[in-house]
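Whatever order the structure lists ligands and atoms in, that order sets their numbers, starting from 1.
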Amino acid sequence: MCGIVGYIGCKEAVKVLLDGIKRLEYRGYDSSGMAFIQNGILHCEKAVGKIAELEKRLNGNNFHTSLGIVHTRWATHGAPTTENAHPHVDCNNEIAVVHNGIIENYDYLKSKLEQEGHIFKSETDTEVLAHLIEKYFHGDLETAVMEALREVEGTYGIAVISQKNPRKIVAARKGSPLMIGIGNQEYFITSDVSASLEHTRDVVYLDDNEIAILTPDRYETKTIQNIRTHKKVEEILWNLDMIEKGGYEHFMLKEIHEQPQSLRNVMRGRVESNNDSVRLGGLIHCEQDLRQARRIIIVACGTSWHAGLVGEYMLEEFARIPVEVEYASEFRYRNPVIEKDTIVIAISQSGETADTLAAIREARQKGAKILSICNVVGSTIAREADGGIYLHIGPEIGVASTKAFTAQIAVLYLFTSYMRSLRCPSSPLDSNMIKDIQSIPEKIQTILNMEEHIIELAKLYKDSEHTLYLGRGYNYPVALEGALKLKEISYIHAEGYPAAEMKHGPIALINKDMPVVFIATRDNVYGKILNNIEEVKSRKGKVIAIATEGDDQIAEKVNHVLYIPKTTDVLTPLLSVIPLQLLAYHMAVMRGCDVDKPRNLAKSVTVE
Ligand code: F6R
């Protein structure tokens, strides 16, 4: 959600900043802007729309500089206009600020600053920061930033430059990620490592209430109370290939196709060679708590919440522990009961989702032990948890989550096996459980190989106005996920339901124009789902079934079948979701939608 890049060094900063911010475009893309200092004067250029618009404006001029900041925006306060795009400047056009997050007391600060004579040009909360820093500027930018931030309530990741301190970038963080990239005689400040990966793998993560001061030859970190901090330099293990499209038309398609490999990566080093136990290094210090735990609460949002639902079914079935899955945003505001021996697990691809982060903070206050399942190493949720499991699947850049969903389920499966061996030593892990998941990558590949068939189906249904997704048991969360994928990238209205719930309301929608996708694999509720299919067919609905290979019976009952290989019930979601991801992708592409950057969305929702 919004992206920030700052650069100071000996390269041509405008180019470095543009290249960097393009890598973050998936985080926000309604407007963008850059500020830099050239010949002692602050310049600021902004444009509405994708970063290409900003690039056009910059390329028309002959700018040369070694220092600047750039931002791509996902609007929160104020429409996506040039005035509201970042950077925001003070009254004299001398200080420029880019900001991720929300200044909660901006109304109060704005009216106070206006009374003091400051003139505002935008509707954003961010602009108060530029004026506050102006107010406190008495020759030193970092002191002014620290003073300004002491008045601010809310969340921020900011980068600030001033023509009065022309060889300095000051950055600060509270609740919105920011890191320093340490290159060879150059420094970066970014909200996401991918922006500086081309230049360096060495990063320092800022903590909340910390500021960084970057000059051409050094960087320094302090608390906003002006106390020096000493930070560890960490090495990023991602490489450049992982953040490029690698010949695919979209990141989303690349990530769908990466799933066989990403699931192998999830399992690597975690399954003992004799296949009878699972090793999860990130949980070593929590083993005793997990053994004693009486309840697990999973908190997450969106796709990660769907993965959590699959986790609930697995953990209850195989590890025999009560599990609840909560929307993180609801959990934090409803004063939940957390008893002794409750474990809260946050699932978040980005590790930065504001609601999920707030939920674990709430749970910790109430005494829960916190675990995380995240993809982004060093992300805030991963760092705040007591233990956790990383997905290790490389960056997910397509805004619609795909490979993270399957990896989260695979991690939950390994966690279930681990919990079973901890808590039910008398019924040891069935070694087939491990063999079953090891065969999944190959099975996903066979589904990916039938993409042409899915494309034909997409052609038939691309003009639908609505679609219903129905599943039961382990496939109920898959129905929710299939519907979410379709609606978010194609803008077709789609709903997911437990199939049996259809007759309690949604059945009223069924007519000849309503496609219904049934996930009807040969599992313990297969017979029931056939009944639900009949109910739709008898009302002339069009049925697309995701079925198990070898099921000849179903073909006569439905309009179209997509077959997936057989696996155990618990692992079925890892297969049944693949055709739904591809179907959503191709329908969206055929409708001319920008699948990697769907309207109004952004990767990593760092505001509530
Ligand atoms: C949907 C999607 C979102 C995210 C949600 C949580 O395709 O990507 O629903 O799953 O915003 O994000 P994370 O997992 O980063 O916490």
Using a 4.0 Å cutoff against the non-hydrogen atoms of [X], which atoms of ligand 1 qualify?
X: Ser348; result: 13 (P), 14 (O), 15 (O), 16 (O)
X: Ala400; result: 7 (O)
X: Lys485; result: 1 (C), 7 (O)
X: Val399; result: 8 (O)

Mark yes or no: Arg591 above the aromatic ring of Tyr491, with NZ or CZ under 6.0 Å from the six-membered ring centre and no more than 45 degrees from the axis.
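Checked: cation-pi criterion not met.
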Has His306 got any heavy atom lying under 4.0 angstrom from an atom of ligand 1?
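No.
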Tabulate below the donor-acceptor pairs under 3.5 Å that side-chain atoms of residues 395-409 make, not counting sequence neighbours, or state none.
unit_1	atom_1	unit_2	atom_2	d
Glu396	OE1	Ser401	OG	3.0
Glu396	OE1	Lys603	NZ	2.7
Glu396	OE2	Ser401	OG	3.3
Glu396	OE2	Thr402	N	2.8
Glu396	OE2	Lys403	N	3.3
Glu396	OE2	Ala404	N	3.0
Lys403	NZ	Glu258	OE1	2.7
Lys403	NZ	Ile393	O	2.8
Lys403	NZ	Pro395	O	3.0
Thr406	OG1	Gln259	OE1	2.7
Thr406	OG1	Lys403	O	3.2
Gln408	NE2	Ser304	OG	2.9

Does a side-chain N-to-carboxylate-O contact under 4.0 Å join [X] and [Y]?
X: Arg383; Y: Asp207; answer: yes
X: Lys459; Y: Glu456; answer: yes
X: Arg472; Y: Asp569; answer: no

If we ignore hydrogens and angles and just use 3.5 Å, is the side chain of His99 paired with the main-chain N or O of Ala159 as donor and acceptor?
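It does not hold such a pair.
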Does an N or O from Ser304, backbone or side chain, lie closer than 3.5 Å to an N or O of ligand 1?
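Right, the criterion is met.
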Select one of side chain, backbone, both or neither to describe which atoms of Glu488 lie under 4.0 Å from any atom of ligand 1, heavy atoms only.
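For Glu488, only side-chain atoms sit under 4.0 Å from ligand 1.
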Counting heavy atoms only, which of Val376, Val299, Thr303, Thr402 comes nearest to atom 4 (C) of ligand 1?
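Looking at heavy atoms only, the winner is Thr303.
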